[in-house]
**Student:** 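Take a look at this one; I'll ask things after.
Keep in mind it's a predicted model, so treat the numbers as computed, not measured. Below, read A as the first sequence line, B as the second, and so on, with proteins coming before strands; counting in each chain starts at 1.
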Amino acid sequence: MKTKNITSAIVLHFVLVIACLVAVYPVFIMVFGALKSAQELSSNAAGLPIVPTLDNFSRLINYNSGLIVRTFFNSIFIATTYTALTCIVASLAGFAFAKYKFTGRNVLFMMLLITMMIPPELNITPLYLIFSKLGWLNTYQVQIIPGIANVFSLFLMRQYMITIPDSLIEAARIDGASDFKIFRTLILHMSVPAIGALAILQFLSKWNELLYPKIMLTKQELMPIMVILPTLNELDSARSVPWELVLAGCSLVTVPLIIVFLIFQDKFLSSVTMGAVKG
Amino acid sequence: MYFKKMQSRTKQKFVPYIFILPFIISYVAFFLYPAIYSFVLSFFSYKGYGKAKFIGLSNYINLINYDTMWNSLGNTFFYFLLSFIPTMIFAFLLALIVRSKPISRFQSIYKPIIFLPQICAVVASALCFKIIFGERVGVISQLLGKAIPFLSDMQLMKWTVVVLITWRAIGWYFIIYLSGLTTIGDDIMEAANIDGASAVQSTWHITMPMMKPTFMLAFVTNAIGSLKLYTEPNLLLSQNYDPPMQVAPYVNLIINSLSGGQFGMASAAGWILVVVILILTLIQLKFFGGDD
């Protein structure tokens with residue numbers, strides 16, 4: 001019995017180690033590839049760098065007079081502002097849907113849930129027309145404002161806030177706190193785990209966005225870095241793609257996030273579970 | 001006194017509306033209005049300037065008679081179904097293993113590593129897989145010592161996209177399944193063990209049925225997400241967002257009509273996608289939803 005347990009443990013560990021290798025190897029190729037010269041990459045893309053160099057990163061920083069640095073900060077600015085606004089708007093509305101009875105509440109909520117089925121891709125066409133008339137194309141606001149009211153975020157906040165005991169709200173009210181004060185001091189305070197989870201999910205989704213900014217922007221200096229990275233390919237000519245530079249760019253957007261992930265991994269992983277309330 | 005009370009009561013009534021106001025304004029302006037606009041637009045021929053011309057169902061009829069529409073819809077379904085199956089199987093098996101007795105105390109080591117691909121930006125992973133599957137610089141070609149046309153052979157191209165999607169997605173569903181398994185609780189499993197059920201038996205007869213809501217949720221969200229596929233095939237299979245028709249996903253149809261200035265057609269293509277998602281979700285609810 002004992003040896004059987006040990007063998008099965010070994011087999012299971014073995015399977016998991018293989019899975020981990022598969023998960024990590026592409027990241028390994030990316031990060032170590034970024035440290036190889038073009039010449040080395042063309043003969044040794046799979047292994048560790050033999051002559052590691054930071055040359056690609058200095059090329060990346062100087063690429064197109066600092067475009068990469070600029071767009072990297074664009075991405076951070078856009079994703080952060082978007083995340084903050086989404087969290088505020090969703091918390092306010094989530095509180096109302098969770099803790100107030102008002103005319104039309106249930107009908108409105110059902111309607112909102114049904115529209116979750118509509119993919120945002122549908123709205124790219126009309127939004128493009130609307131924003132071109134408003135003169136919003138090639139701005140930061142076009143990348144931040146639309147989409148801050150998303151039903152998924154509202155739903156997540158509402159589900160969480162429903163679990164806050166009514167008695168706490170009543171007690172605060174008897175103490176003379178206004179509704180807004182209750183929201184600000186009590187509700188927001190108690191919803192920190194949900195807001196944190198929402199912030200992680202929204203930041204990652206904005207950070208990953210490619211199609212929407214690609215349609216709405218033509219000015220490179222306003223773009224997020226994700227739109228620029230694939231075009232690094234065309235630096236020289238279509239035939240000689242500077243792969244080492246592409247890998248350096250990919251590492252630039254990946255490594256900082258991996259570090260943050262490793263520090264706050266519990267928060268990241270629980271955000272997945274909390275986000276799974278959707279549906 | 002009475003008046004003051006009245007006043008505070010009406011004020012009280014408005015409070016929830018004030019809380020939802022920012023959401024609703026933004027929702028109507030940037031979601032609902034555009035959605036209605038695109039619905040109306042889908043019955044018009046509109047080039048973005050001049051007058052829109054009402055053409056009834058022509059956009060829809062043209063799309064339905066357009067081979068490329070079916071082709072790209074087929075491609076999107078290929079990517080969806082062929083990544084869906086391995087993603088769900090591997091994610092669930094890995095969750096079962098990590099949750100199993102001899103392993104569960106090492107959870108905290110395996111969990112973040114298996115989740116890691118999710119932290120890689122989609123763009124970065126697609127570009128990285130381009131190097132893995134590349135012919136000249138390709139990792140696999142170098143390891144095998146011969147060039148394999150992963151990114152030029154139409155069949156192989158589609159499979160590379162499946163591999164990329166699966167690689168990224170497993171970690172996400174692994175975490176979801178793991179948390180689903182955690183809610184089942186050890187006592188039920190122990191009771192089954194004492195009754196002499198083998199690991200396979202108790203997984204099949206106890207775990208699987210209890211995980212039904214979790215599966216359901218995972219399947220539906222995966223389907224909705226997969227049909228919107230754009231970034232992976234476009235970056236992996238082309239230089240300039242123009243992959244060959246045989247491998248292009250459905251969203252490319254919307255985007256190509258949009259960039260071609262055919263806004264009515266792009267809107268109709270968008271609404272066809274909505275209908276497809278709706279049908280698929282209903283089928284899934286019927287198949288897996290059962291009683292609830």
**Student:** Between B/Y17 and A/F102, what is the ring plane arrangement, given parallel below 30°, perpendicular above 60°, and tilted in between?
**Tutor:**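 The arrangement is perpendicular - the two ring planes meet at more than 60°.
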**Student:** Under 4.5 Å between any side-chain heavy atoms of B/P243 and B/N252, yes or no?
**Tutor:**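 A side-chain contact exists here, since the closest heavy-atom pair is under 4.5 Å.
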**Student:** For atom CZ of B/F44, decide whether the heavy atoms of other residues, nucleotides or ligands shown that lie under 6.0 angstrom number more than 12.
**Tutor:**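 Yes, enclosed.
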**Student:** Side-chain contact, heavy-atom cut-off 4.5 Å: A/P120 with B/K228?
**Tutor:**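 Yes, at least one pair of side-chain atoms sits under 4.5 Å.
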**Student:** For A/R184, enumerate each residue passing the salt bridge (charged side-chain N to carboxylate O under 4.0 Å, His left out) test, keeping only those at least two apart in sequence or located in another chain.
**Tutor:**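 Partners of A/R184 by the salt bridge (charged side-chain N to carboxylate O under 4.0 Å, His left out) criterion come out as none, since no residue qualifies.
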**Student:** Go through A/D179, A/L257, A/T254 and name the one with the most non-hydrogen pairs under 4.5 angstrom from chain B.
**Tutor:**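 Among A/D179, A/L257, A/T254, the one with the most close pairs to chain B is A/D179.
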**Student:** Under 4.5 Å from any heavy atom of chain A, what part of B/S108 do you find: side chain, backbone, both or neither?
**Tutor:**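 Answer is backbone: N, CA, C or O of B/S108 sit under 4.5 Å from chain A.
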**Student:** Check whether A/V255 gets within reach of chain B through its side chain, its backbone, both or neither, counting any heavy atom under 4.5 Å.
**Tutor:**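 When you check distances to chain B, no heavy atom of A/V255 falls under 4.5 Å.
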**Student:** List the steps, then state whether side-chain contact (heavy atoms from CB on, under 4.5 Å) holds for A/F97 with A/R105.
**Tutor:** CA-CA 7 Å; A/F97 278 110; A/R105 181 182 75 167; 3.7 Å; yes
**Student:** Quick one: what part of A/I88 sits under 4.5 Å from any heavy atom of chain B, side chain, backbone, both or neither?
**Tutor:**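 Neither the backbone nor the side chain of A/I88 comes within 4.5 Å of chain B.
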**Student:** In terms of heavy-atom pairs under 4.5 Å with chain A, which of B/Y110, B/Y37, B/W271 leads?
**Tutor:**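 Option with the greatest count: B/Y110.
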**Student:** By a 4.5 Å heavy-atom criterion (distance strictly below it), what part of B/F263 contacts chain A: side chain, backbone, both, or neither?
**Tutor:**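 Contact with chain A: backbone and side chain both.
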**Student:** Can you tell which of B/P117, B/P112, B/S179, B/A266 has the highest number of heavy-atom pairs within less than 4.5 Å of chain A?
**Tutor:**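 Among the listed options, the one with the most contacts to chain A is B/P112.
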**Student:** Let me see the working for A/V27 and B/C120 under side-chain contact (heavy atoms from CB on, under 4.5 Å), right down to the final yes or no.
**Tutor:** CA-CA 8 Å; A/V27 184; B/C120 264; 3.7 Å; yes
**Student:** Is it the side chain or the backbone of A/F261 that comes within 4.5 Å of chain B heavy atoms, both, or neither?
**Tutor:**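 Only the side chain of A/F261 comes within 4.5 Å of chain B.
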**Student:** Which atoms of A/T103 come close to chain B, meaning under 4.5 Å heavy atom to heavy atom: side chain ones, backbone ones, both, or neither?
**Tutor:**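 Both backbone and side chain.
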**Student:** Go through A/V253, A/I118, A/V17 and name the one with the most non-hydrogen pairs under 4.5 angstrom from chain B.
**Tutor:**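 Highest number of pairs under 4.5 Å: A/I118.
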**Student:** Can you tell me which of B/P22, B/A121, B/G270, B/S100 forms the most heavy-atom pairs within a distance under 4.5 Å of chain A?
**Tutor:**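 The answer is B/A121.
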**Student:** Is A/D266 close to chain B through its backbone or its side chain, or both, or neither, when contacts mean heavy atoms under 4.5 Å?
**Tutor:**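 No part of it gets close to chain B.
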**Student:** So for B/I119, is it side chain, backbone, both, or neither that comes closer than 4.5 Å to the heavy atoms of chain A?
**Tutor:**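 Answer is both: backbone and side chain atoms of B/I119 are under 4.5 Å from chain A.
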**Student:** Does the side chain of A/F203 come within less than 4.5 Å of A/V260's, by heavy atoms?
**Tutor:**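 Not touching, per the 4.5 Å side-chain cut-off.
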**Student:** Would you say A/W207 and A/S75 are linked by a side-chain donor-acceptor pair, where the criterion is simply a distance under 3.5 Å?
**Tutor:**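 Distance-only check fails for A/S75 and A/W207.
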**Student:** Give the member of B/P102, B/G171, B/A218, B/P34 that has the highest number of heavy-atom pairs under 4.5 Å with chain A.
**Tutor:**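 Among B/P102, B/G171, B/A218, B/P34, the one with the most close pairs to chain A is B/P34.
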**Student:** Measure distances from B/L178 to the heavy atoms of chain A and classify the residue's part below 4.5 Å as side chain, backbone, both or neither.
**Tutor:**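 Interface part for B/L178: neither.
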**Student:** At a heavy-atom distance under 4.5 Å, which candidate from A/P146, A/G47, A/S270 has the highest pair count against chain B?
**Tutor:**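 Going by pairs under 4.5 Å, I would pick A/P146.
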**Student:** Answer with side chain, backbone, both or neither: which region of B/Y46 has an atom nearer than 4.5 Å to a non-hydrogen atom of chain A?
**Tutor:**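 Contact with chain A involves the side chain of B/Y46 alone.
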**Student:** Taking A/S91, A/A96, A/S251, A/A45 one by one, which has the highest count of heavy-atom pairs under 4.5 Å against chain B?
**Tutor:**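 Looking at each option in turn, the highest pair count goes to A/A45.
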**Student:** If you tally heavy-atom pairs under 4.5 Å against chain B, which of A/L41, A/I148, A/L247, A/V24 wins?
**Tutor:**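 Winner by heavy-atom pair count: A/L41.
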**Student:** Check whether A/F180 gets within reach of chain B through its side chain, its backbone, both or neither, counting any heavy atom under 4.5 Å.
**Tutor:**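 Both backbone and side chain.
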**Student:** Taking the side chain as every heavy atom from C-beta outward, state whether A/T273 and A/L269 have any atom pair closer than 4.5 Å.
**Tutor:**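 Heavy-atom side-chain distance check fails, nothing below 4.5 Å.
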**Student:** Under a 4.5 Å heavy-atom cut-off, does chain A meet the side chain of B/L143, its backbone, both or neither?
**Tutor:**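 B/L143 touches chain A through side-chain heavy atoms alone.
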**Student:** Tell me if the NZ atom of A/K133 is crowded by more than 12 foreign heavy atoms within 6.0 Å.
**Tutor:**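 Counting neighbours around NZ of A/K133, more than 12 heavy atoms of other residues, nucleotides or ligands fall under 6.0 Å, so yes.
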**Student:** Between A/K99 and chain B, which part of the residue has a heavy atom less than 4.5 Å away: side chain, backbone, both or neither?
**Tutor:**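 No part of it gets close to chain B.
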**Student:** What I'd like to find out is whether the side chain of A/I228 reaches to under 4.5 Å of the side chain of A/T231, using heavy atoms alone.
**Tutor:**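 Sidechains of A/T231 and A/I228: in contact.
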**Student:** Who wins among A/G33, A/A90, A/P26 for the most heavy-atom pairs under 4.5 Å with chain B?
**Tutor:**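 Option with the top pair count is A/P26.
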**Student:** Check whether any side-chain heavy atom of A/I225 sits under 4.5 Å from a side-chain heavy atom of A/L252, and report yes or no.
**Tutor:**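 SC-SC contact between A/I225 and A/L252 confirmed.
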**Student:** I want to check something: taking the side chain as every heavy atom from C-beta on, are A/V246 and A/W243 in contact at a cut-off of under 4.5 Å?
**Tutor:**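 A/V246 vs A/W243: side chains touch.
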**Student:** Can you say whether A/I258 sits under 4.5 Å from chain B via the side chain, the backbone, both, or neither, judging by heavy atoms?
**Tutor:**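 Its backbone and side chain both get close to chain B.
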**Student:** Looking at B/I254, B/L273, B/T281, which one has more heavy-atom pairs under 4.5 Å with chain A than the rest?
**Tutor:**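 Counting heavy-atom pairs under 4.5 Å, the top option is B/T281.
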**Student:** Please state whether the side chain, the backbone, both or neither of A/A19 comes within less than 4.5 Å of a heavy atom of chain B.
**Tutor:**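 Contact with chain B is through the side chain of A/A19 alone.
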**Student:** Is chain A contacted by the side chain of B/V122, its backbone, both, or neither, given a heavy-atom distance below 4.5 Å?
**Tutor:**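 Looking at B/V122, backbone and side chain both touch chain A.
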**Student:** Counting heavy-atom pairs under 4.5 Å with chain A, which one of B/V139, B/I132, B/L94 comes out on top?
**Tutor:**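 With the most close heavy-atom pairs to chain A, the winner is B/V139.
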**Student:** Carefully, step by step, assess B/F215 and B/Y173 under the rule ring pair (Phe, Tyr, Trp, His ring centres under 6.0 Å).
**Tutor:** CA-CA 9 Å; B/F215 283 130; B/Y173 294 100; over 10 Å; no
**Student:** Quick check on B/F90 against chain A: is it the side chain, the backbone, both or neither that has a heavy atom closer than 4.5 Å?
**Tutor:**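 Contact with chain A is absent: no heavy atom of B/F90 under 4.5 Å.
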**Student:** B/I255 versus chain A, heavy atoms under 4.5 Å apart: side chain, backbone, both or neither?
**Tutor:**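 Just its side chain gets close to chain A.
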**Student:** Within the 4.5 Å heavy-atom criterion, are A/L127 and A/M216 side-chain neighbours or not?
**Tutor:**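 When only atoms from C-beta onward are counted, A/M216 and A/L127 do touch, with a gap below 4.5 Å.
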**Student:** With a 4.5 angstrom heavy-atom cut-off, is it the side chain or the backbone of B/L278 that approaches chain A, or both, or neither?
**Tutor:**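 Both backbone and side chain of B/L278 come within 4.5 Å of chain A.
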**Student:** Output, in order, the C-alpha distance, side-chain angles, deciding distance and verdict of side-chain contact (heavy atoms from CB on, under 4.5 Å) for B/L127 and B/I131.
**Tutor:** CA-CA 7 Å; B/L127 293 173; B/I131 290 161; over 6 Å; no
**Student:** Show your reasoning for whether side-chain contact (heavy atoms from CB on, under 4.5 Å) applies to B/I114 and A/C20.
**Tutor:** CA-CA 6 Å; B/I114 294 174; A/C20 289; 4.2 Å; yes
